[in-house]
S.K.: 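Below are the structure tokens for one structure; questions will follow.
Reckoned from all heavy atoms, side chains included, excluding hydrogens, waters and symmetry mates.
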Amino acid sequence: MKFQSGETVIAVLHSPREKLLGILGEINPAGVSLRSIELGYFDDWCRSIVSGEQHLTMTDHFIPMWRVERISRDAADGGLDLDATEAYL
């Protein structure tokens with residue numbers, strides 16, 4: 001399974017344990033670049049956007065490969081267009 005730049009992914013990291021939902025930038029031997037938010041914040045983030053409240057924006061991350069436990073493609077029904085969500089902001 002090859003990941004493409006721009007796909008929506010969930011990255012599970014360790015040391016410390018984190019789960020990020022974001023848009024994949026690049027995967028290379030050094031690590032992974034993502035534009036993402038903490039997965040636990042996702043519901044509040046969506047509610048804030050819909051209601052027009054202030055919210056944290058997605059941030060750019062570089063994660064060294066030694067921290068990456070797993071990366072999964074987000075295969076939600078109907079897809080989630082995080083680019084469009086950010087453009088709405």
S.K.: If I compare all heavy atoms of Met65 with all of Asn28, which pair ends up nearest, and what's the gap?
M.R.: CE-O, 3.2 Å
S.K.: CD1 of Ile27 to CD of Gln4: how many Å apart, nearest 0.5 Å?
M.R.: 10.0 Å
S.K.: Grab the two heavy atoms, one from Val9 and one from Phe3, that are nearest each other, plus how far apart they are.
M.R.: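 Taking Val9 first and Phe3 second, the nearest heavy atoms are CG1-CD2, 4.0 Å.
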S.K.: Indicate every side-chain donor-acceptor pair of residues 15-26 with a distance under 3.5 Å to a residue at least two apart or in another chain.
M.R.:
residue	atom	partner	partner atom	Å
Arg17	NH1	Glu69	OE1	2.9
Arg17	NH1	Glu69	OE2	3.2
Glu18	OE2	Arg67	NH1	3.3
Glu18	OE2	Arg67	NH2	2.7

S.K.: Listed by chain and number, what are the side-chain hydrogen bond (donor to acceptor under 3.5 Å, both in side chains) partners of Arg70, not counting sequence neighbours?
M.R.: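 Once residues adjacent in sequence are excluded, Arg70 has no partner under the side-chain hydrogen bond (donor to acceptor under 3.5 Å, both in side chains) criterion.
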S.K.: Go through the structure and list residues passing side-chain contact (heavy atoms from CB on, under 4.5 Å) with Asp60, not counting sequence neighbours.
M.R.: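 Checked Asp60 against side-chain contact (heavy atoms from CB on, under 4.5 Å); matches are Arg35.
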S.K.: Look up atom CD1 in Ile37 and atom NE2 in His61, then write down how far apart they are to the nearest 0.5 Å.
M.R.: 9.5 Å
S.K.: To the closest 0.5 Å, what do you measure between OG (Ser48) and CG (Asp43)?
M.R.: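 Reported to 0.5 Å precision, the distance equals 10.5 Å.
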S.K.: For the residue pair Met58 and Trp45, what are the closest heavy atoms and their distance?
M.R.: CG-CZ2, 3.8 Å
S.K.: Rounded to the nearest 0.5 Å, how far apart are CD of Glu7 and CG of Leu34?
M.R.: 12.0 Å
